[in-house]
Structure formats: C-alpha cells, structure tokens
Protein chains: 2
Amino acid sequence: MRPQLTETEIADFRRRLCDVAERLFVEHGVEGVTMRQIAERLECSAMTPYRYFRNKNDIFVAVRAAALDRFSERLEAARRTFGSPARRGRAVGDAYLQFAIEEPDAYRLIFDLSQPEDANYPELAAANARSRKTMTDYMEDLVAAGVMDGDPKTLGLIYWAGTHGLVNLFMAGKIGEGELRVLHRQMTQTLARGAQRMPDQKPRRTRAF
Amino acid sequence: MRPQLTETEIADFRRRLCDVAERLFVEHGVEGVTMRQIAERLECSAMTPYRYFRNKNDIFVAVRAAALDRFSERLEAARRTFGSPARRGRAVGDAYLQFAIEEPDAYRLIFDLSQPEDANYPELAAANARSRKTMTDYMEDLVAAGVMDGDPKTLGLIYWAGTHGLVNLFMAGKIGEGELRVLHRQMTQTLARGAQRMPDQKPRRTRAF
DNA sequence: AAAAATTCTTTACAACGTAAATTTTATAAC
DNA sequence: GTTATAAAATTTACGTTGTAAAGAATTTTT
C-alpha cells in the first residue's frame, strides 16, 4: 500500500502552503483569497490543501501564528541588544514599530479582528502569549533598573496598548511613518516621566483628570 | 406611471435596512451575513436592497458610519457634562470605555479593519473626523486649563491611541471589564503626571527609556 | 501480479453577490 | 374605465465560493 506521508513531508507542504497563502492574503485580503487560487500556486488540485488543513480558516490561523512568531522573534532579538535596560527597552519599542512599518499587512493579519475566538486555537494562543511575554518581561527589567516605578505588568499593558493604538492610527492612514515614530517617542517619554519615582520629598499630588 | 420614491421614503427604507443589517452584522459578523438574510428580515426580495444601496459593502459602510455617529454623540454628550475641564475630560474617557463595553460589536464594526479605504467613502471620513474632533478638542480644554502641558494635538493622539489599545486588549479577551477600567485610569494618571509642568525649579531631567 | 491502503483528482452541490430579464404597480391621458 | 407608461419589485440566471462525496492514481506488501 502507499506509504503514509511522513511528518516532515506534511510539515513541508504545510509551510509551503502557508507561504503562498500569506502572500495572497497580503495581496488581496483574507476574504479575497480563494482556495482555488492557493491550490493553483501550489500546482495541485483544489482539494489537496484539505488533506493538510481542515478548512480555509485553519490556514488563516496558521499564517497568523507564523506571522506572530516572526514578530516575537524580532522583539526578542531587540531585547538581546547590548546596553542598559533603558537602551534595550528602546530597542524593543523600535522593533515593534519597525515591524509594523515594514510589514503592515502581516501586522494587520496578526492584530486585526483579534476576537476571543483565538482561544479555540492553542497554536495562536501560544504565539500570542510569546509576544506578550517579551513586552512585559522587558518592562520588568526597566522597573528593576529603576527607570520606571510601578507594577511592571500594569506598565507593560499600558505601554503596549499605547504602542498598538499609535500603530493603528498609522495603519488607518491617519498619521505617517515619521509622525508615528515621533508620537511613540513622546508617548514613551510621557509615560516614563509619569511613572518615575518622585525625588522623595513631598510626593507630588497628581490631580489626574 | 408609478410615482418615484420620495426622498423620505428612500431614507426610511435605508434606515430600516441599516438597522436590520447592523443587528445581523453584530450577530454573525460582516462576512457571515448575506444579502438574502437582510432581504428576508426586510420582507422583500433578495434584489430589492440593490435599489437603495449599490452593493453589500456600501451597506456595511453606512452601518459603520451610523455607529460612528452614535459613538460621537456619546462623547459629545459627555463633553457637555457640568464641571471642571478635568471632570469633563474624565467623563469623555469614561464614555469611550462605556461605549466599548456596552456595544463591543458596534465598536468592532467601527474600528476593526480600519484601512485607508475609508478615504473612498466621504460619509465615513466625515463620521471619523467628527469623533476625532471631540477627542482632540477636549484635550485642548485640558491644556488650556493647565491640567496638562504640551501640544494638545499630540497629547490627544497619544491619549486616544492608549485608550484604543486598552479597549483592544479588552476586545481580544485579554483583560476584563474591571481591569480595563483600572488600567485606563492608571494610564490617564501616568500620562497626566508625565505631561504636567514641573513646579518650576530644576526642570526634571527625564531619562526616558 | 494482486491486493490494499493512502494520496490526489474529479465531480457535484448548496449558497453567495449581483446582472439581466420579467412582472407588478400606481399614476396620467384619453 | 380603459390604456399607456415608467418606476419599483421580483424572478430568473450566472459565475464563484468553500467543501463533501465519489472516483482514480499510486506505491507498498503479499
């Protein structure tokens, strides 16, 4: 009888398929891509992909997870930059922006429509956790180094949320690349200033609005 | 001959259609809704909607614009709250969160997939500008009142980006409603502290990370 | 060479958005 | 009151979609 596909054969085909699919997704949007298009580029019949993925959505999820992993790798690499925690922190932030600017479509693929549905896909949840981890971890470094003061997890979420929000404005075409960089720097500074321990005497009363 | 539809007849039908469509979009997601479903709820044939909208995407845009207007109205109402600029500022922020919490699907409809494509729809662009205006305007009030210091436009963008980012985490199921409120308050305080004019003597050197 | 299991292809189907053709409907003219 | 007319609505029809089911091809084991 015909031999079963080996683990690596399956993995190879899946990877090839995801590559093709991502290119198409980026080019035409997720809904604008058909299974038949993917199959054509793969030079197989329209039904063959179904032996490797249950359905179109699973392909989308796999592509998303892969993109998220690429994103995480970039952040992690930035975190390994040589220098002070502050310098490394800046590197991570820059890497985030850089990814969004260089691969806006991948970024959109990753973060658009992020519904809790993700929970049904452990693969995606793991990839998500990975990127989140880098962002909070490096905030811990900053707090430990005394650059910022407060709960690292809280600060991390706020910082990340702000960054994501700014990138969103960029994606929506409301601000350009330069503005994005400037605003991000200003946000970073403002948050850092706001989260710094006071020079001790008279704790400044912050009448937050 | 049969009389032409009056302006108001058209407007009425369009509104009715948008109501139905929004409910369906919220229920099944934009791609999960079919023209035939909309028509069925309207008790007309599948093709009748095409007399009132060019195609499905135009319906989606109309629904989106309407939701954005509702959102703007809420923000504007909050801005008319009685009290100090700080109090009114807080009211606007709360209104933003409240809308996201009460109508998460409307919020998603508004802000998901916000691609520059919006520019092709003046209706949408206008609705967008309206909501953005409220958000930056009230930041001007805060700066004028001395609650914060800096360029109002910049501060506004940063603040809204942060708010949007936090709501996104909420939408993605990463944080709950309570956490969202707490984090938002903390972000507000941190940004406000970071953007406050120093008590003058020795301008604090901010070693932003 | 035959059998058998597994991969891949072909065929088929219901549902989609919507173009084109057709029918219904409400007025104006006689 | 009938008829002509044009707008509105429906019916029909077409090309595509995701994918289920059936069939053909392929490679090992017997």
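Please read these numbers as outputs of a predicted model, since none were measured by experiment. Both backbone and side-chain heavy atoms feed into the values below; hydrogens, waters and symmetry mates do not. Below, chain A is the first sequence line, B the second, and so on; all start at residue 1.
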Checklist entry - Closest to the B:Arg2 side chain: C:dT18, D:dT27, D:dA9? => result D:dA9

Checklist entry - Tell me: CD1 of A:Ile38 to P of D:dT16, nearest whole Å? => result 18 Å

Checklist outcome for this item: Rounded to whole Å, the CD-P distance (B:Glu9 to D:dA7) equals 15 Å

Checklist entry - Nearest-Å distance, CD (A:Glu31) to P (D:dT16)? => result 18 Å

Checklist outcome for this item: Looking only at C:dC8, C:dA12, D:dT10, the nucleotide nearest the B:Ser45 side chain is D:dT10

Item to check | Electrostatic pair B:Arg36:B:Glu40 at N-O distance under 4.0 angstrom | outcome: no

Checklist entry - Quick one: B:Leu24 CG to C:dG17 P, roughly how many Å, whole number? => result 12 Å

Checklist entry - Is a donor-acceptor contact shorter than 3.5 angstrom present between the side chain of A:Arg51 and the base of C:dT6? => result no

Checklist entry - Mind checking whether B:Trp160 and B:Tyr96 have parallel, tilted or perpendicular rings, split at 30° and 60°? => result parallel

Item to check | Rounded distance (Å) that lies between atom C1' of C:dC16 and atom CG of B:Asn57 | outcome: 15 Å

Checklist entry - To the nearest Å, how far apart are A:Tyr50 OH and C:dT6 P? => result 23 Å

Checklist entry - If only side-chain N and O atoms of B:Thr34 are considered, is one of them under 4.0 Å from the OP1 or OP2 phosphate oxygen of C:dC16? => result yes

Next on the checklist: Side chain of A:Met47, heavy atoms from C-beta onward: which of D:dT10, D:dA20, C:dT18 has the nearest atom to it?
Outcome noted: D:dA20

Checklist entry - Roughly, in whole Å, what's the span from CZ in B:Arg36 to P in C:dA15? => result 10 Å

Item to check | A:Ala46 or A:Pro3, whichever maps to the more 5' nucleotide of DNA chain C | outcome: A:Pro3

Item to check | salt bridge (charged side-chain N to carboxylate O under 4.0 Å, His left out) between B:Asp19 and B:Arg16, worked out | outcome: CA-CA 5 Å; B:Asp19 281 358; B:Arg16 222 160 59 81; over 6 Å; no

Next on the checklist: Heavy atoms only, 4.0 Å cut-off, all strands: where does A:Phe13 land among base, sugar-phosphate and nothing?
Outcome noted: nothing

Checklist entry - Just checking, any donor-acceptor pair under 3.5 angstrom between side chains of B:Asn128 and B:Tyr121? => result no

Item to check | C:dT9 phosphate, OP1 or OP2, under 4.0 Å from A:Thr48 side-chain N/O | outcome: yes

Checklist entry - What nucleic acid atoms does A:Tyr52 come within less than 4.0 Å of, heavy atoms only: base, sugar-phosphate, or nothing? => result sugar-phosphate

Checklist entry - What's the CE-P distance between A:Met35 and D:dA20, to the nearest Å? => result 10 Å

Checklist entry - Do the non-hydrogen side-chain atoms of B:Glu73 and B:Arg130 ever get within less than 4.5 Å of each other? => result yes

